[in-house]
Amino acid sequence: MSDVTPTNESSANDEQSGSGLAAEKARRLAQLDSMRAAGVNPYPYRFDRSHTLEEVRANWGHLEPGIETENGVSVAGRIMLKRDTGKLVFASIRDRSGEIQLFISKAAVGDDEFAAIKHLDLGDWVGVHGTVMTTRKGELSVKPDRVELLSKAVRPMPDKWHGLHDVDTRFRQRYADLIVNEDARRAFEIRHEIIASFRRTLHDRGFIEVETPVLHVESGGAHARPFTTHHNTLDMQLYLRIALELHLKRLIVGGMERVYEIGRIFRNEGISTRHNPEFTMMELYQALGDWNDVMEISETLITQAARDSIGTTIVTIREQEFDLAEPWPRVRMVDAVSEKIGRAVHPSQPVSELRSLAEEHGIRWEDRWGGGKLVEELFEALCEADIVRPTFITGHPTEISPLARVDRDDPWLTERFEIFVDSRELGNGYSELNDPVEQRLRFEEEQAAKEAGDVEAGSLDEDYLRALEYGMPPTGGLGIGMDRLTMLLAGVDSIKEVILFPTLRHEVL
RNA sequence: GCUUCUCUAGCUCAAUGGCAGAGCAACGGACUCUUAAUCCGCAGGUUCUGGGUUCGAAUCCCAGGGGAAGCACCA
């Protein structure tokens, strides 16, 4: 039994006069009633597909113009375009693999079914049984024997040519965006391929994927304001995690040696083209390694992800091309600042000196900032904007790196790096601090900063210290922002383009 | 949070102080090789909301709402 049998049209016409969205929906809903009255289910349960549209094209794409084969196929998709020439209707349907034209002949499907097909709307899902052919002009087509309605769209599609541009609607109604905007679909395919590539690379290197809690008792592992929530039965305040770090390192203590997690983290901060309150971080920890190991892993992961997602390691940033496969420059933070300022800068200098330097460059410093924080502020104000190609900025001051190990050659700095691309921080890694006594001192400094009013400072995590007391092997750790990496490889300027449902204010309907 | 811009038919856009319009989609009709099919016809509006100025407001002003960009924030 097939399809659409519009009956009793005249009886419903009174309520369907006029146009606009309400009238359009009323018209289509009335069609549903007609179909059901005629014993047709406009929402059948399933459909047996023999080929995706990509497979049809792969198998028969070589056909010369004007060929009618006897090869039967069953395909399914959404009607994207319809061209009605009377006794012949051309419809383009699309599934996730591609598009193909239906060549619907009145003679081939019969009068009743043909009339029903003419009442299909753009946006309807159909299942088609037919044969493969090419038109006289060579367009590969399926010539249906039967067209089944698989799902009726009661809301009209966006403009078939101009698509959907309004960014508000695109983000709120991502489903509509994905239906009509090829670029939107592409960005999320790239995102998927990047994540799949990471998993392959890490699996090949012996990393184990784990899942750690999203609900944290302490909010640690980064400097950020957390979201707070509450557990009713336990009657306790909980934080949504701002980083994966501290739980993953507990697993290194446990002897898992190589672990990673690709997970959502949450920061209760501003929203911008580079920030969404929830975003996806990949963090990995490798026992017996240090920052050099994880810098190498960073280059490999990202370069391979580029190959796998966009088929090249060449990326265009600010209209310049860079090859990710070339070694990334490594620049010490203090050297970058020193070069910019024209004299040596180092956190060991008297704070008063660094404060005047900050003032010279328009930075409003705060009393509680030490030399390390001042150096970082100088870097952000003077150097960040100039970084275009992927670059390791290394040697962050100890003061601002409470979980990183002190540089083996300079007690003021840590063995830490951040990956910067196009002025954006893309990743962060270091030789992990594994001395429980030193870690406690660093936490105490954090705690003091928090008590002094720094809302982003971490607190003292006794359980984490207890874990370190069992002994954590030397370890290299790395975090990469998956959203920003996707932005880089997909070549888009807003993080909302790579997050399916970005955070928006509540819509007033 | 601040500044600027923006919001008109389901979608894409016009109209800048003087009758709210077009294309697509829809609806009725013609057409068996179209490709954003074409052609004829018809219909569709809380111009984001609420005030105000004006003889007259989509347009100017005020307040509010949504969105965007930038700044601030954000290792």
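All values reported here derive from a predicted model rather than from experimental measurement.
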Whether over 12 other heavy atoms sit under 6.0 Å from E70(A) CD: no

Neighbour count above 12 (heavy atom, 6.0 Å) for R505(A) CZ: no

Shortest side-chain distance from [X], nucleotide among [options]:
| X | options | answer |
| --- | --- | --- |
| K118(A) | A36(B), C31(B), C33(B) | C31(B) |
| T273(A) | C11(B), C27(B), G70(B) | G70(B) |
| R136(A) | C33(B), U32(B), G23(B) | C33(B) |
| T135(A) | U32(B), U35(B), A68(B) | U35(B) |
| L81(A) | A37(B), U32(B), C13(B) | A37(B) |
| D121(A) | G67(B), C27(B), A36(B) | C27(B) |
| R172(A) | A26(B), A37(B), G66(B) | G66(B) |

hbond_proxy D166(A) side chain to G67(B) base (donor-acceptor, 3.5 Å cutoff): no

Ring centroid separation F420(A) to F379(A) under 6.0 Å: yes

Y430(A) ring center within less than 6.0 Å of W291(A) ring center: no

Answer yes or no: does a side-chain N or O of [X] lie under 4.0 Å from OP1 or OP2 of [N]?
| X | N | answer |
| --- | --- | --- |
| H162(A) | A36(B) | no |
| R155(A) | G10(B) | no |
| K160(A) | A37(B) | yes |
| K25(A) | A26(B) | no |
| R225(A) | C73(B) | no |
| S141(A) | C33(B) | no |
| R274(A) | C74(B) | no |

Same-atom distance ([atom1]) from [N] to [M], integer angstrom:
| N | M | atom1 | value |
| --- | --- | --- | --- |
| U53(B) | A63(B) | C1' | 15 Å |
| C55(B) | A15(B) | P | 27 Å |
| U16(B) | A26(B) | C1' | 31 Å |
| A14(B) | G45(B) | C1' | 15 Å |
| A9(B) | U47(B) | P | 10 Å |
| G21(B) | A37(B) | C1' | 25 Å |
| C61(B) | C71(B) | P | 27 Å |
| C13(B) | G66(B) | P | 22 Å |

Hunt down the Watson-Crick or G-U wobble partner of [N], both distances under 3.5 Å, from any strand shown, or write none.
| N | value |
| --- | --- |
| A22(B) | U12(B) |
| G1(B) | C71(B) |
| A63(B) | U49(B) |
| G41(B) | C27(B) |

Distance, rounded to the nearest Å, where [X] contributes [atom1] and [N] contributes [atom2]:
| X | N | atom1 | atom2 | value |
| --- | --- | --- | --- | --- |
| R83(A) | C39(B) | CZ | P | 15 Å |
| I100(A) | U35(B) | CD1 | P | 18 Å |
| N276(A) | G67(B) | CG | P | 13 Å |
| I104(A) | U35(B) | CD1 | P | 16 Å |
| R27(A) | A26(B) | CZ | P | 8 Å |
| H275(A) | A72(B) | NE2 | C1' | 11 Å |
| L102(A) | C33(B) | CG | P | 17 Å |
| E24(A) | G28(B) | CD | P | 11 Å |

So what does [X] touch, heavy atoms closer than 4.0 Å: a base, only the sugar-phosphate, or nothing?
| X | result |
| --- | --- |
| Q101(A) | base |
| A176(A) | nothing |
| R505(A) | sugar-phosphate |
| E269(A) | sugar-phosphate |
| R416(A) | base |
| K143(A) | nothing |
| D168(A) | sugar-phosphate |
| L164(A) | sugar-phosphate |
| P65(A) | nothing |

Residue whose nearest RNA chain B nucleotide is more 5′ - K82(A) or S105(A): S105(A)

Along RNA chain B (nearest heavy atom to each residue), the more 5'-positioned of L88(A) and G163(A): G163(A)

Atom pair CG/OG1 of D407(A) and T414(A) - distance to nearest 0.5 Å: 7.5 Å

Q31(A) side, atom CD; L120(A) side, atom CG - distance, nearest 0.5 Å: 8.0 Å

K118(A) backbone acceptor or donor facing K82(A) side chain under 3.5 Å: yes

Polar side-chain atom of D410(A) near backbone of W412(A) as donor-acceptor pair, under 3.5 Å: yes

Parallel, tilted or perpendicular: rings of H216(A) and H247(A) (30°, 60°): tilted

